[in-house]
Amino acid sequence: MTNHQSDLLRVLDQRGYIHQMTDAEGLDALAAKQVVPGYIGFDATAPSLHVGSLVQIMMLRRLQQTGHKPIVLMGGGTTRIGDPTGRDESRKMLSDETIAANIASIFSIFQQFLTFGDGPTDAVMVNNHDWLGQLGYIELLQEVGTHFTINRMMTFDSVKLRLEREQPMTFLEFNYMILQGYDFRHLSKEMGVRLQMGGSDQWGNIVNGMELGRRMDGADLYGLTTPLLTTAAGAKMGKTAAGAVWLNAQQLSHFEYWQFWRNCDDRDVGRFLKLFTDLPLDEIAQLEALGGAEINAAKKILADAATALCRGEEAARTASDTAAQTFEKGQIGGDLPHATAPAEGISVVDALRELGFAASNKEARRKLDEGAVKVDGVVIRDPHHLILPGADPVPLSLGSKKHGLVAR
């Protein structure tokens with residue numbers, strides 16, 4: 001670790017957020033002497049972000065905690081195009097109404113992590129459709145397009161990898177990097193933004209925006225990226241066999257969110273505590289040093305702290321109590337995920353899918369074949385088994401860690 005002048009880089013470095021910086025000394029000196037407005041962009045393709053976006057959200061939280069101004073940029077304009085980075089196919093088009101509803105829903109997530117307002121270090125949310133939507137096509141080509149060469153654009157991973165895989169890339173998507181670069185230039189000019197942060201896959205796009213701001217306005221801008229986050233087992237962060245780990249309670253229950261953190265790999269506990277909680281570093285060092293069965297205590301602390309940040313203290317308590325009842329006392333916790341059964345009942349395959357325990361019928365049948373599914377404590381292998389809940393919900397379990405209820 002490096003000795004930094006600024007609290008910002010010291011905290012980001014100590015907690016493991018830094019992968020690359022364009023000018024570490026320059027950014028450190030700037031952050032040591034003044035409030036630095038910094039931003040990260042987020043797509044509005046769904047009503048919620050998932051855990052894969054949580055490192056970026058926590059970066060904005062660290063920015064605010066160390067006395068700087070976080071700006072949440074919602075891609076109301078760029079969502080209409082689609083970021084080709086890491087994709088093999090074009091994104092489906094969303095209506096204006098759907099994008100607006102998604103942004104409103106996502107804002108509620110950020111309210112949990114950031115303090116919004118009009119103060120010098122208060123967070124603000126902006127929508128790039130407000131300026132991108134006003135750009136005329138000829139104006140964009142004349143003013144911005146001249147600063148991008150096709151030669152350079154073809155070297156970007158987002159373009160190169162798609163072409164290497166012989167997957168089509170539309171001209172619309174090809175323009176994404178130009179508009180993202182323009183976002184940085186606009187925010188620099190209109191809001192005094194000096195820093196863009198993002199995942200490591202955004203490095204080229206961030207540098208593009210910095211160069212555009214320098215060429216058009218002579219602006220002195222900075223970029224910082226986080227490491228690509230994978231679990232110790234090599235899985236992509238935020239993805240499970242049953243789908244995405246959504247941050248919004250409407251997409252994923254408090255209990256399931258808590259369980260995601262409780263079930264993390266032993267090797268990830270210390271790293272996740274640094275990235276996803278506000279626990280002091282000395283306390284984290286003690287927790288990650290635990291071995292054997294004691295590491296489970298650290299996992300519960302991680303689950304409690306991460307859930308409290310995202311869902312609130314009450315949600316964390318309820319989820320923790322449900323886990324204790326279900327796993328330690330053999331009772332049925334009321335906060336378990338629910339599947340709704342019609343009067344005629346629901347097949348065990350459909351119930352597994354509705355609870356999010358299986359991503360497909362095929363996966364559900366495989367789990368049944370393995371003898372991993374219990375209905376009311378009895379192993380069920382028949383995919384046609386019908387669950388008929390009465391006055392009380394019927395417990396359904398997959399393995400020893402996934403539990404839910406089927407109710408009318």
Side-chain angles (χ1 to χ4, degrees), residues 15-17 48-58 61-62 109 112-113 229-233 235-338 355-357 397-405:
R15 288 189 171 261
Y17 291 97
S48 175
L49 302 173
H50 60 68
V51 165
S53 297
L54 194 52
V55 169
Q56 314 310 327
I57 296 172
M58 290 300 295
R61 182 176 175 85
R62 303 301 182 213
I109 296 170
Q112 292 289 125
F113 291 90
L229 191 63
T230 57
T231 65
K236 191 173 181 180
M237 185 70 180
K239 297 286 186 181
T240 67
V245 181
W246 298 106
L247 302 182
N248 195 317
Q250 282 68 48
Q251 271 70 40
L252 190 75
S253 73
H254 298 322
F255 174 76
E256 290 171 288
Y257 189 77
W258 188 94
Q259 274 293 107
F260 169 76
W261 298 105
R262 169 62 183 83
N263 291 335
C264 77
D265 191 299
D266 292 0
R267 296 166 291 176
D268 287 325
V269 174
R271 187 165 57 119
F272 286 2
L273 283 165
K274 290 175 187 173
L275 292 171
F276 302 119
T277 80
D278 287 342
L279 266 63
L281 291 172
D282 55 352
E283 185 177 339
I284 292 172
Q286 293 173 8
L287 290 170
E288 65 180 330
L290 297 175
E294 285 187 316
I295 196 68
N296 289 324
K299 290 184 182 182
K300 290 176 186 176
I301 291 170
L302 167 64
D304 285 345
T307 304
L309 266 183
C310 185
R311 302 294 182 83
E313 296 281 354
E314 182 60 31
R317 272 194 300 274
T318 304
S320 182
D321 289 347
T322 295
Q325 289 176 345
T326 304
F327 301 119
E328 296 166 21
K329 301 175 185 175
Q331 302 170 359
I332 296 299
D335 194 42
L336 291 174
H338 281 64
L355 286 166
F357 294 173
S397 301
L398 175 63
S400 61
K401 292 183 178 179
K402 290 184 178 290
H403 301 274
L405 299 172

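What you see is a predicted model, and the numbers here were worked out from it, not measured in a lab.
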Inset, instruction - Evaluate side chain to side chain contact (heavy atoms under 4.5 Å, CB included) for L229 paired with R271, printing each intermediate quantity in order. - result: CA-CA 10 Å; L229 191 63; R271 187 165 57 119; 3.0 Å; yes

Inset, instruction - Kindly give the heavy-atom pair with the smallest separation between A308 and A316, and that separation in Å. - result: N-CB, 3.7 Å

Inset, instruction - Check whether the side chains of Q56 and S53 place a donor and an acceptor atom closer than 3.5 Å, and report yes or no. - result: no

Inset, instruction - Would you check, one step at a time, whether the test side chain to side chain contact (heavy atoms under 4.5 Å, CB included) holds for L309 with F276? - result: CA-CA 9 Å; L309 266 183; F276 302 119; over 6 Å; no

Legend entry - Considering all heavy atoms, the nearest L54-Y257 contact: CD2-OH, 3.7 Å

Inset, instruction - Just jot down the side-chain contact (heavy atoms from CB on, under 4.5 Å) partners of A303, sequence neighbours excluded, or say none. - result: W258, W261, R262

Legend entry - Y17 side chain to L275 backbone, donor-acceptor under 3.5 Å: yes

Inset, instruction - With sequence neighbours left out, write down each residue that passes ring pair (Phe, Tyr, Trp, His ring centres under 6.0 Å) with F113, or none if nothing qualifies. - result: none

Inset, instruction - Please tell me if the side chains of L49 and W246 come closer than 4.5 Å, counting only heavy atoms from C-beta onward. - result: no

Inset, instruction - Work out which heavy atom in Q112 is nearest to a heavy atom in C310; give both atom names and the distance. - result: CG-O, 3.2 Å

Legend entry - Contacts of R311 that satisfy side chain to side chain donor-acceptor pair (under 3.5 Å) - sequence neighbours left out: H254

Inset, instruction - Sequence neighbours left out, what passes side chain to side chain donor-acceptor pair (under 3.5 Å) with D278? Give chain and number order. - result: R61, R62, Q65

Inset, instruction - Apply the side-chain hydrogen bond (donor to acceptor under 3.5 Å, both in side chains) test between K299 and each candidate in N263, D266, D265; give the one that qualifies. - result: D266

Legend entry - All side chain to side chain donor-acceptor pair (under 3.5 Å) counterparts of S397, not counting sequence neighbours: H403

Inset, instruction - Mark yes when over 12 heavy atoms from residues, nucleotides or ligands other than E313 sit less than 6.0 Å from its CD; otherwise mark no. - result: no

Could you go through residues 280-293 and list every donor-acceptor pair under 3.5 Å that involves a side-chain atom there, pairing it with any protein atom two or more places apart or in another chain?
none

Inset, instruction - Compare all side-chain heavy atoms of L247 with those of I57 and state whether any distance is below 4.5 angstrom. - result: yes

Inset, instruction - Measure the spacing between OG1 of T318 and CD of E314 and express it to the nearest 0.5 Å. - result: 4.0 Å

Inset, instruction - Could you pull out the closest heavy-atom pair between A323 and Q259, with the gap in Å? - result: CB-OE1, 4.2 Å

Legend entry - A305 to L279 - nearest heavy-atom pair and separation: CB-CD1, 3.8 Å

Legend entry - Side-chain touch C264/V269, heavy atoms, less than 4.5 angstrom: yes

